[in-house]
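Chain letters run A, B, ... following the sequence lines, proteins first and then strands; every chain starts at 1.
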Protein chains: 2
Amino acid sequence: MTAITTDALSASMENYLETIFLLVRDYTVARSKDIADRLKVKRSSVTGALQTLKERGLVNYEPYGYVTLTETGTAVASKVLRRHEALRDFFVNVLSIDPTEADEAACRMEHGISKNIVNRLLDFAEFVETCPRAGAKWIHGFGYHCQDHAQDADACERCITLCLRDVAQDKTKGMETNMAIPLSELKPGEKGQIEGMAGGGAVKRRIRDMGVTSGSLVEVVRVAPMGDPLDVKVKGYHLSLRREEAADIQVRKVTGH
Amino acid sequence: MTAITTDALSASMENYLETIFLLVRDYTVARSKDIADRLKVKRSSVTGALQTLKERGLVNYEPYGYVTLTETGTAVASKVLRRHEALRDFFVNVLSIDPTEADEAACRMEHGISKNIVNRLLDFAEFVETCPRAGAKWIHGFGYHCQDHAQDADACERCITLCLRDVAQDKTKGMETNMAIPLSELKPGEKGQIEGMAGGGAVKRRIRDMGVTSGSLVEVVRVAPMGDPLDVKVKGYHLSLRREEAADIQVRKVTGH
DNA sequence: CCCATAAGTTAGACGAAACTAACTTTTGGA
DNA sequence: TCCAAAAGTTAGTTTCGTCTAACTTATGGG
Ligand SMILES: [Mn+2]
Ligand SMILES: [Mn+2]
Ligand SMILES: [Mn+2]
Ligand SMILES: [Mn+2]
C-alpha cells in the first residue's frame with residue numbers, strides 16, 4: 001500500500017520531476033540515463049529517486065522501464081517549471097543576465113520562491129515590457145496594479161488604459177500605429193498584447209481563468225511542424241492552442257528591446 | 001590542527017552565520033539559545049553547527065561561551081546579508097510584497113543567487129526608484145546601463161544624465177526643484193541620490209571602490225543615539241559614516257512612492 | 001541468434017543536518 | 001550562599017541524498 005504523503009517536495013525531488021517533464025516533452029518518454037546526465041548524478045541515484053517519486057504517486061515507473069509523469073506529477077512539474085521560467089525570463093529579459101547563468105540561478109532559486117512572488121514577478125516583467133511610456137506614473141502604476149489582488153482585473157485594465165493612452169500620444173516621436181492582428185500570425189519568439197478575444201467560450205474561459213485579460217502579454221513559444229498546435233505562454237503558463245483558436249485572439253505585436 | 005576548508009558553505013551554515021551576525025550587531029554577542037530560537041532548531045543542533053563553523057575559522061567559540069564572528073566570518077555573513085536584503089528590498093519596494101513573506105522567501109533564495117544577479121538586481125531597483133521619467137527609453141536605458149560591465153561608470157552617468165534632464169523638463173507637471181543637501185540631513189529611512197562628494201580622500205575612495213558614482217542611491221538606515229555614526233546603505237553595502245563625513249556628501253532627496 | 005556493451009538495479013557506506021534523551025555547567029533569586 | 005531552573009553539551013538516532021562497487025537485464029551489430 002503506497003502511503004502517498006502530502007508533504008512538500010524537497011528541492012531534489014522537484015528537480016527530478018522538472019527534468020522528467022522536459023525529457024517527456026521532447027522525447028515522449030524519459031530514460032534513467034538521460035535524467036542522470038541532465039542532473040549530473042549517477043544512475044543509481046536516479047533509481048532511488050524514481051522509487052520515492054513512484055511511492056508518492058508522481059511518476060509511472062516500472063524497473064527497467066521508461067519513465068513518464070502521472071497526472072499529478074505533471075501538475076507539480078509544470079508549477080516548478082513556471083517558477084523556473086519566471087525567474088530565468090526576468091533575469092534575462094529585465095536584468096540582462098547571460099542566459100546560462102540566469103538558467104542555473106533560476107534552477108537553484110525556484111525551490112524557495114513563493115506563489116505570490118512568482119505572480120508578481122511575472123506581472124512586473126509584463127508591465128515593464130508592456131508599459132514603456134508610463135512616464136513618471138509607471139512605478140505608481142505598478143504598485144496600484146498590484147495592490148490588494150494582482151488578480152483585480154479592473155486595476156490592471158485601468159493601468160493599461162493609461163499606458164496605451166500614453167503610447168497613443170507618442171506619435172510625435174514617430175511611433176508607427178500598431179494594428180491588432182490575430183495571435184496566429186505571430187512567429188515563435190514574438191510577443192503580443194491581447195486586444196480582445198472573438199468567438200467561442202471554451203478557450204476564452206480557460207484563458208480568463210488564468211487571470212488573463214485585455215492587455216496581457218502573450219508569447220508564441222513554438223509552432224508545431226504542421227503549423228497547428230501553437231505553444232503559447234501567458235502569465236507564465238504554457239498552453240497549447242489550435243491555430244483556429246489562436247486566430248480568434250486579437251493582439252498588438254510588442255517589439256522587444 | 002584546524003583544516004580550514006575553502007569549500008562553499010551550505011545554506012544551513014550560511015543561515016547560522018547570518019543569524020549570528022544579526023545577534024552580534026544588536027547585542028554585541030550571540031547566545032546559543034537565541035540562535036536556536038531564531039532558526040527554529042534545537043539547542044543541540046546549534047552546538048553542532050558552532051563546532052563546524054569554528055573548525056572552518058568563521059566563529060569565535062568556546063564551549064559554554066558566547067559566540068562572535070571572526071574577521072572572515074563577518075565578511076562571509078555580510079555577503080549573505082547583502083544577498084538577503086537585495087532580494088527582500090526588491091520584493092518589498094518593487095514588487096510590493098508583504099514584508100514578512102518577502103523576508104522569508106529572500107532567506108530561502110539568498111543561497112542560490114549569483115553575484116552578478118545580486119548586483120544587477122540592486123542596480124535595477126535603484127534605476128526604478130531613481131529614473132521615473134525615463135519614458136520610452138527607460139528600459140533601454142537600463143539595458144545599456146548594464147551592458148558589458150555594470151561597473152562601467154560612464155554608462156551609468158550617461159544614463160543618469162538623460163534621466164535628470166527628463167526630470168528637469170518635467171517642471172510643466174509641477175515638480176518642485178529639488179535642492180542638493182548634505183547626506184547628514186537625511187533622516188533614517190530617507191533616500192538620496194548622490195550629487196557629489198566634497199572633501200577628503202579616505203571615505204571618498206572607500207565609497208568609489210564600491211562602484212558608487214554620482215547618481216547612485218544612498219539610504220540612511222539608522223543614526224546612532226548621539227547622532228553620530230550613520231548607518232548608510234549604498235549598492236546593497238552597509239557602511240558606517242561619521243556625521244562629519246556624511247556632511248561632505250551632497251544628495252538630492254528621493255521621495256518614495 | 002549471440003554476446004559485448006550499455007542501461008538499470010541493488011546493497012552498503014557516507015556526510016550533512018536535524019532530532020531526542022540524558023548529561024553538565026552556569027546563573028540569578030531567595 | 002545555595003540550588004533549581006535555564007542554558008549548553010554529548011551521545012546516539014533518523015532521514016535524505018548522494019556515492020561506489022558489484023550485480024542483472026536489455027539490446028543491437030555482426
Ligand atoms: Mn531547481
Ligand atoms: Mn529548474
Ligand atoms: Mn537563508
Ligand atoms: Mn537570510
Nearest whole Å is fine: how far is [N] [atom2] from [X] [atom1]?
| X | N | atom1 | atom2 | answer |
| --- | --- | --- | --- | --- |
| K42(B) | dA21(C) | NZ | C1' | 13 Å |
| E62(A) | dT25(D) | CD | P | 15 Å |
| R43(A) | dT10(C) | CZ | C1' | 13 Å |
| Q51(A) | dG17(D) | CD | C1' | 13 Å |
| L50(B) | dG8(D) | CG | P | 10 Å |
| H111(B) | dA17(C) | NE2 | P | 12 Å |

S10(A) and S12(A): side-chain donor and acceptor closer than 3.5 Å?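 There is no such pair (donor and acceptor under 3.5 Å, judged by atom type) between the side chains of S10(A) and S12(A).
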- Task: Answer yes if the side chains of N60(B) and T70(B) hold a donor-acceptor pair under 3.5 Å, and no otherwise.
- Result: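 Short answer, no.
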Problem set entry | Whether over 12 other heavy atoms sit under 6.0 Å from R31(A) CZ |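 It does not: R31(A) CZ has 12 such atoms or fewer within range.
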Report the nucleotide, chosen from [options], that has the shortest atom-to-atom distance to any side-chain atom of [X].
| X | options | result |
| --- | --- | --- |
| S44(A) | dA21(D), dA18(C), dT20(C) | dA21(D) |
| V41(B) | dA18(C), dT20(C), dG8(C) | dA18(C) |
| Y64(A) | dT25(D), dT18(D), dA7(D) | dT25(D) |

Residue among E110(B), R25(B), E14(B) satisfying side-chain contact (heavy atoms from CB on, under 4.5 Å) with L81(B)
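In the set E110(B), R25(B), E14(B), the residue that makes a side-chain contact (heavy atoms from CB on, under 4.5 Å) with L81(B) is R25(B).
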Do the side-chain N or O atoms of S45(B) get closer than 4.0 angstrom to the phosphate oxygens (OP1, OP2) of dA18(C)?
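No, outside the criterion.
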Exercise for review: Please say whether the positively charged group of R82(A), taken as NZ for Lys or CZ for Arg, lies over the ring of Y237(A), i.e. under 6.0 angstrom from the six-membered ring centre and within 45 degrees of the axis.
Suggested key: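 Yes, R82(A) lies over the aromatic ring of Y237(A).
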Quiz item: Where along residues 8-37 of chain B does a heavy atom come under 4.0 Å from DNA chain C, residue by residue in number order?
Solution: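 Contacts with DNA chain C under 4.0 Å: S10(B), S12(B), M13(B), Y16(B).
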- Query: So which of E85(A), E190(A), E126(A) actually passes salt bridge (Lys or Arg N to Asp or Glu O under 4.0 Å) with K233(A)?
  - Reply: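 Of all the options given, the one that passes is E85(A).
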Closest-nucleotide mapping onto DNA chain D: is T52(A) or Y66(B) further toward the 5' terminus? I mean the 5' end.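 On the 5' side of the pair lies Y66(B).
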Quiz item: Parallel under 30°, tilted from 30 to 60°, perpendicular over 60°: which one fits the rings of F90(A) and F124(B)?
Solution: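 Because their plane-to-plane angle is over 60°, the rings of F90(A) and F124(B) count as perpendicular.
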